[in-house]
Amino acid sequence: MKNEKTERDIYHSLSLLAKHYGIELKQTKSYGYPYNISLALWDTQEKLKQIVSNWDSLQVVQDRMKTFFICEERYSTGTTLYYIPVIPLFEMLNDPIRKKAAQLLVSVCSYLYHIADIPYYRQENSYLYWIYEMLTDWVEQDDETSETELYKNELRQAKWVGERIEQKLFNRTNLTFFEQRLSAFKPADEFDKECLQLACNALTLYTEYPHTNIFRNAPKSDEDPYDENEDYDQETIGMEKYISFMADGKGWLYESLSDSINNEFNEYGNVEEPTIRKCFDGSPITGNNLDFENRLFTLLNDICYLLNNYKTTRR
């Protein structure tokens, strides 16, 4: 009787899942328990892989009352550091040839700063703030060498430019005039066209998700009664650690920052990534998806690439 109850629960949960995702399941009941369940599970997973772009796993959960499926969708970030450099943006703003393009990117970055809630490295609650502070302490405490003054100059520049760019991004008129800047911009070369396309993508995302931030689907282990990983917080790299504005993607300072971060991250076992868990247990299922995350992380990749390659594209 227990097996019959489990089998009945599983097929009920599968029917809810199939209806939610719009898939047609293979008829497996005739194969007999438990082979029919294994076959149904395999068939469901194969079909989810084909139609759900961010599908990650299908989990069978059995509590005291029923057996059901949990489907997990996850945006995979791999090992990418989504660090947006602001010193190239500052240089673009002071370059007459690139100033108009730079103003477009300021609007994009203002959106990322205010709405998408990307951490900024000059804010004391940000992860990179303390990395930069640690590097500053190292330089000040180390013995003087021929390169010490160079290191100090890079640190001073990171702080000075960072604070001035943040003042610009903090001004919400960048969002008010975003569409106007976009309409008035006339690209003169390929780099300008890439800036224009990036800004178009950002404005569309902002229009469709005017209040959505990047951490909306960050997993919270303490809210998940079916997560058996008790050491989640200690073993996992939080999203706020690999997503941020930073000073620059070149020079001694960046190399030192990268070394420090890579050394720390190598001690962790997992990476926190945007995740949606849907329980097919009869309770209401949200239509939530990772469309926003797919587009926002693409946007972050694109703006990091443009800014890091700004100097190589000067006319």
Side-chain angles (χ1 to χ4, degrees), residues 56 74-89 112-113 116-163 165-166 214-215 217-222 227 229-275 293 296-298 300-309 311:
D56 184 70
R74 178 190 300 265
Y75 181 88
S76 176
T77 59
T79 57
T80 305
L81 297 176
Y82 296 90
Y83 291 164
I84 306 168
V86 300
I87 288 178
L89 181 59
L112 295 174
Y113 179 92
D117 201 24
I118 306 299
Y120 197 88
Y121 74 99
R122 290 306 303 154
Q123 297 170 342
E124 290 190 15
N125 61 346
S126 70
Y127 171 68
L128 288 192
Y129 177 89
W130 295 106
I131 299 293
Y132 281 112
E133 287 295 298
M134 177 185 69
L135 294 174
T136 301
D137 291 341
W138 286 355
V139 170
E140 291 177 349
Q141 293 169 11
D142 281 354
D143 295 334
E144 290 278 338
T145 68
S146 59
E147 296 179 322
T148 299
E149 194 55 35
L150 173 65
Y151 300 161
K152 289 182 177 180
N153 282 337
E154 285 196 36
L155 287 163
R156 283 192 291 264
Q157 183 189 39
K159 182 177 180 180
W160 188 86
V161 172
E163 290 174 353
I165 291 294
E166 186 174 18
I214 199 168
F215 300 104
N217 286 315
K220 297 178 177 59
S221 180
D222 58 342
D227 193 335
N229 188 357
E230 297 178 357
D231 298 322
Y232 179 89
D233 291 334
Q234 290 75 27
E235 296 180 354
T236 303
I237 303 168
M239 287 176 61
E240 76 287 348
K241 290 188 174 182
Y242 63 83
I243 304 168
S244 183
F245 287 95
M246 71 169 178
D248 203 354
K250 299 178 176 66
W252 162 83
L253 183 55
Y254 176 70
E255 292 177 4
S256 300
L257 177 137
S258 296
D259 289 343
S260 297
I261 290 171
N262 287 330
N263 289 337
E264 179 181 345
F265 285 5
N266 285 337
E267 299 177 4
Y268 290 85
N270 301 300
V271 179
E272 186 179 272
E273 297 171 315
T275 304
E293 286 79 3
L296 183 61
F297 277 100
T298 299
L300 294 178
N301 260 328
D302 290 345
I303 195 167
C304 288
Y305 175 82
L306 279 177
L307 290 173
N308 279 317
N309 290 279
K311 286 188 177 179

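In what follows, every heavy atom counts, from backbone to side chain, and hydrogens, waters and symmetry copies are set aside. Numbering of residues begins at 1 and proceeds along the displayed sequence.
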Residues Glu149 and Arg156 bridged, charged N to O under 4.0 Å = yes
State, yes or no, whether a side-chain contact exists between Trp252 and Leu150 at a heavy-atom distance under 4.5 Å.
-> no
CA sep, side-chain torsions, deciding dist, call: Leu135, Tyr151, side-chain contact (heavy atoms from CB on, under 4.5 Å) | CA-CA 10 Å; Leu135 294 174; Tyr151 300 161; over 6 Å; no
Looking at Glu240 and Tyr127, what are the two nearest heavy atoms and their distance?
-> O-CB, 3.9 Å
Specify the closest pair of heavy atoms between Leu128 and Met246, including all atoms of both residues, with the distance to one decimal.
-> CD1-CB, 3.7 Å
State, yes or no, whether a side-chain contact exists between Tyr121 and Ile131 at a heavy-atom distance under 4.5 Å.
-> no
Checking side-chain contact (heavy atoms from CB on, under 4.5 Å) for the pair Leu253/Tyr132: CA distance, chi angles, key distance, verdict?
-> CA-CA 9 Å; Leu253 183 55; Tyr132 281 112; 3.7 Å; yes
Answer yes or no: is there a side-chain heavy-atom contact under 4.5 Å between Thr275 and Asp56?
-> no
Quick one: CG on Leu112 to CD1 on Ile243, what's the gap to the nearest 0.5 Å?
-> 11.0 Å
Please assess Asp302 against Tyr305 for the test side-chain contact (heavy atoms from CB on, under 4.5 Å), listing each intermediate value before the final yes or no.
-> CA-CA 5 Å; Asp302 290 345; Tyr305 175 82; 5.8 Å; no
Distance col, row Thr136:OG1 vs Glu154:CD, nearest 0.5 angstrom, shows 11.5 Å
At what distance, to the nearest 0.5 angstrom, does CG of Leu296 lie from CG of Asn301?
-> 10.5 Å
Atom pairs and distances, side-chain donor-acceptor, residues 76-88, under 3.5 Å, sequence neighbours left out:
residue: Thr77; atom: OG1; partner: Glu273; partner atom: OE2; Å: 3.1
residue: Thr80; atom: OG1; partner: Thr77; partner atom: O; Å: 3.3
residue: Tyr83; atom: OH; partner: Lys241; partner atom: O; Å: 2.5

What distance separates Asn266 CG from Ile261 CD1, expressed to the nearest 0.5 Å?
-> 12.0 Å
Pairwise distance CD(Gln123) to OH(Tyr113) - rounded to 0.5 angstrom | 4.5 Å
Heavy-atom side-chain contact between Phe297 and Pro274 under 4.5 Å | yes
Any side-chain heavy atom of Asp248 sitting closer than 4.5 Å to one from Val161?
-> no
